[in-house]
Amino acid sequence: MKIRTRFAPSPTGYMHIGNLRTALYEYLIAKANGGDFILRIEDTDQKRYVEGATDIIYATLKTVGMNWDEGPDIGGNYGPYIQSERRNIYAEYAHKLVELGGAHYCFCAKNDTEEEKDETLNIKFKDPCKHIPLAEAKKRVAAGEPYVIRQTINKTGKSKYHDEVYGDIEIDYDELDEGVLLKSDGLPTYNFANVVDDHLMQITHVVRGNEYISSTPKYNLIYEDFGWEHPFYVHVPPVMKDAQHKLSKRNGDASFQDLVKKGYLPEAIINYIALLGWNPGTEQEIFSLDELKQCFAVERLNRSPAIFDITKLTWMNGCYIRALSEEKFHELALPYYEGMSPSVNLKVLSKTLQPRVETLQDITEQTDFIRSVLPFGVELYSNKKMKTDAEVAKSVLPKVLEALSSQEDWSNEALFASLKHLAEELGVKNGQVLYPLRIALSGKETTPGGATEIAVIIGKTETLKRLQDAIKKLS
RNA sequence: GGUCCCAUCGUCUAAUGGUUAGGACAUCACCCUUUCACGGUGGUAAUAUGGGUUCGAAUCCCGUUGGGAUCACCA
């Protein structure tokens with residue numbers, strides 16, 4: 001059997017992390033077994049449609065490398081892959097289901113059905129139209145009366161099905177409600193469209209959030225009524241923001257694009273969310289998408305919700321950044337250097353930055369002193385461990401200025417050698433020369449790189465200038 | 001409220017009846033060191049709770065508690 005999975009988002013806005021993780025699992029289940037991954041757009045609710053949302057879906061899947069084998073843009077043998085373009089198919093099957101006894105026409109006005117609902121939700125909606133003889137109902141439909149098609153559930157007892165993650169699920173047929181399958185606008189609800197499409201597109205594994213666990217028996221009933229075989233079910237637990245709340249776009253939780261904007265690498269995001277609810281059974285934690293394809297197995301999917309921990313993602317992102325080649329990191333960092341003086345040695349800057357940033361956005365904060373000298377007080381010269389303070393700085397810095405003025409080789413090694421030599425001459429510790437210099441050049445307590453690296457980065461001219469200014473301020 | 005699902009360090013998780021309950025992130029300490037990082041070493045930290053079953057339970061069963069989901073012409 002060739003495995004076929006589908007990612008079926010509704011185009012309602014940004015791609016959030018839970019969504020992306022579901023897509024990832026769907027992709028991996030297919031690809032771990034040489035199967036196909038299908039993209040289908042579920043846009044049956046025109047009210048919620050957001051312009052441009054499908055483009056975000058395409059762009060996201062592409063940047064993370066989850067390429068689909070069939071989809072709206074590339075076609076396939078089971079199209080169209082946009083539900084709004086399949087409305088005739090659903091209508092046809094819905095009417096067929098009525099003939100088969102699995103559904104019925106309902107003429108209740110929208111409001112009626114809502115009012116009939118008990119406040120405490122204890123009493124189920126009982127559709128009076130269920131008992132209208134089919135011949136009569138058809139007459140009213142033909143006469144142009146507005147209608148919907150509702151599922152008819154006459155079974156009693158327990159409904160059973162097997163879930164690949166949760167095991168055997170048993171739900172009483174009494175609990176199932178006779179939901180609307182075809183809306184008055186002629187479009188199907190999710191409840192109907194997903195069944196029809198999954199069958200017609202020959203989806204073998206339905207992967208979705210576990211909020212569908214309790215409605216799955218309804219879908220199985222439809223499969224049965226049509227005489228279709230139902231797919232394997234893989235219900236996955238939600239990704240949480242905290243113990244109580246799901247990650248959601250509504251309250252502004254980070255979406256994939258937000259994270260990328262914040263300087264997270266797509267590879268790191270994918271790696272992290274793969275491990276949110278799944279583990280490989282080994283202690284390996286860093287996985288490329290290709291490696292995930294190699295070892296992914298549904299058996300190792302978890303049943304309990306997982307809290308999205310940005311701290312661990314940040315750590316993992318740092319791992320990915322450090323693993324980048326010098327050139328690649330430099331390329332990614334370049335946009336953050338905008339506005340720096342041409343005399344700044346960007347290559348060296350990148351090299352010192354790479355092991356020090358966990359997200360690309362950290363670059364901004366770490367390099368603020370390069371664009372312009374930060375204002376600082378002389379107390380910054382004080383450091384117990386280095387045995388320095390403003391007095392030490394005052395006596396040492398003029399000598400440093402003198403030494404560096406005649407310095408020709410402006411490499412880190414040469415500068416360090418010179419200053420070390422100077423410290424020896426002055427009979428002080430290395431730190432008593434280097435620490436004040438670093439403060440004088442940066443105005444910051446901590447910097448990426450030491451005094452000599454910073455001198456190299458900002459260049460000789462700027463170094464001497466900042467040094468002079470600092471000495472002036474000390475006197 | 002009915003029904004369904006879930007429950008191991010703060011977080012992600014491993015251990016499918018026998019382990020000093022393992023790893024990772026975070027945190028703390030130390031080492032390295034021209035600050036800070038990186039890297040290295042070590043520490044603190046968990047089986048929600050009460051009953052069973054068993055020679056033996058994180059693991060199986062029941063109850064309790066806590067949390068989540070669902071009960072739309074949304075998906």
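The structure presented is a predicted model; accordingly, all values stated were derived computationally and were not measured. Proteins get letters first, then strands, A, B, ... in listed order; numbering begins at 1 in each.
- Here A/Tyr233 pairs with A/Tyr161, A/His230, A/His235 under the ring pair (Phe, Tyr, Trp, His ring centres under 6.0 Å) rule; sequence neighbours left out.
- A straight line from NZ of A/Lys384 to P of B/U34 spans 21 Å, rounded to a whole angstrom.
- Using a 4.0 Å heavy-atom cutoff across all strands shown, A/Ser442 reaches no nucleic acid atom at all.
- Listed for the A/Thr388 side chain is no donor-acceptor partner under 3.5 Å among the backbone atoms of A/Pro436.
- One atom, NZ of A/Lys47, and another, C1' of B/C73, lie 7 Å apart when rounded to the nearest Å.
- In this structure, the CG atom of A/Asp174 is 16 Å from the C1' atom of B/U70, given to the nearest Å.
- Residue A/Phe107 places its CZ atom among more than 12 non-hydrogen atoms of other residues, nucleotides or ligands, all under 6.0 Å distant.
- Across all strands shown, A/Lys444 has no heavy atoms under 4.0 Å from either base or sugar-phosphate atoms.
- Between A/Arg322 and the phosphate of B/G39, there is a side-chain N or O to OP1/OP2 separation shorter than 4.0 Å.
- Counting distance only, with no hydrogens placed and no angle test, the side-chain atoms of A/Arg438 and the base atoms of B/U34 include no donor-acceptor pair under 3.5 Å.
- At least one test fails for A/Arg87 against the ring of A/Tyr90: distance under 6.0 Å to the centre or angle within 45° of the axis.
- Summary of the strand contacts: A/His245 and A/Asp172 both lie near RNA chain B, and taking for each the nucleotide with the nearest heavy atom, the more 5' one is attributed to A/Asp172.
- The OH atom of A/Tyr219 sits 10 Å away from the C1' atom of B/U70 (whole-angstrom rounding).
- Across all strands shown, B/U11 pairs with B/A24; the Watson-Crick or G-U wobble distances both stay below 3.5 Å.
- Following rounding to the nearest Å, A/Lys218 (NZ) and B/C4 (C1') show an atom-to-atom distance of 14 Å.
- Counting atom types as modelled, A/Tyr212 pairs no side-chain N or O with a base atom of B/A69 as donor and acceptor under 3.5 Å.
- Stacking here means ring centres nearer than 5.5 Å and ring planes tilted less than 30 degrees, and by that measure A/Tyr190 does not stack onto B/C74.
- The phosphate of B/A75 (OP1 or OP2) has no side-chain N or O of A/Thr12 nearer than 4.0 angstrom.
- At the heavy-atom level, A/Ala243 lies under 4.0 Å from the strands shown only through sugar-phosphate atoms.
- Listed nucleotides B/U34, B/A14, B/C36 differ in distance to A/Arg300; the shortest reach to its side chain belongs to B/A14.
- Proximity of the aromatic rings of A/Tyr14 and A/Phe256 is defined here by a centroid distance below 6.0 angstrom, and this criterion is not met.
- Among the nucleotides B/U35, B/C74, B/C36, the one closest to the side chain of A/Met386 is B/U35.
- Taking only side-chain nitrogens and oxygens, A/Lys246 never comes nearer than 4.0 Å to OP1 or OP2 of B/G68.
- Between A/Arg303 and B/C6 there is a side-chain N or O to OP1 or OP2 distance below 4.0 Å.
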So which protein N/O to nucleotides 11-13 of chain B N/O distances come out below 3.5 Å?
unit_1	atom_1	unit_2	atom_2	d
B/C12	OP1	A/Ile307	N	3.0
B/C12	O2'	A/Leu275	O	3.0
B/U13	OP1	A/Gly277	N	2.7
B/U13	O3'	A/Asn279	ND2	3.1

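- A/Thr452 comes within contact range of at least one nucleobase, with a heavy-atom separation under 4.0 Å.
- At whole-Å resolution of the value, CZ in A/Phe7 and P in B/A75 are 16 Å apart.
- If you check B/C38, B/C74, B/U35 against the side chain of A/Thr447, the one that comes closest is B/U35.
- Among the protein residues, A/Gln366 comes within range of no part of the nucleic acid, since none of its heavy atoms lies under 4.0 Å from any strand.
- When both distances must be under 3.5 Å, the Watson-Crick or G-U wobble mate of B/U33 does not exist.
- Annotation: cation-pi pair A/Lys473/A/Phe376 present, NZ/CZ under 6.0 Å from the ring centroid and within 45° of its normal.
- Whole-Å rounding puts the A/Leu176 CG to B/A69 P distance at 20 Å.
- In this structure, A/Thr189 reaches the sugar-phosphate backbone alone: every heavy-atom distance under 4.0 Å involves primed, P, OP1 or OP2 atoms, never a base.
- The aromatic ring centres of A/Tyr272 and A/Trp315 sit 6.0 Å or more apart.
- Nucleic acid contact class of A/Arg208 (heavy atoms, under 4.0 Å, all strands): none.
- Taking a pair to require two hydrogen-bonding distances under 3.5 Å in either a Watson-Crick or a G-U wobble arrangement, B/A58 remains unpaired.
- Residue A/Phe192 contributes atom CZ, which lies 14 Å from atom P of B/A75 at whole-angstrom precision.
- The aromatic rings of A/Tyr212 and A/Tyr219 sit tilted relative to each other, their planes meeting at an angle between 30° and 60°.
- B/U3 and B/A69 make up a base pair, with Watson-Crick or G-U wobble contacts both under 3.5 Å.
- Under 4.0 angstrom from either OP1 or OP2 of B/A75 there lies at least one side-chain N or O belonging to A/Lys183.
- The listed nucleotides are B/U35, B/C36, B/C25; the one nearest the side chain of A/Trp315 is B/C25.
- Partners of A/His245 under the ring pair (Phe, Tyr, Trp, His ring centres under 6.0 Å) rule, at least two apart in sequence or in another chain, do not exist in this structure.
- Distances from the side chain of A/Arg356 to the nucleotides B/U35, B/A26, B/A75 place B/U35 closest.
- Checked by distance alone, A/Ser184 brings a side-chain donor or acceptor within 3.5 Å of a matching partner on the base of B/C73.
- Both the sub-6.0 Å distance and the 45° axial angle are not jointly satisfied by A/Arg140 relative to the ring of A/Tyr147.
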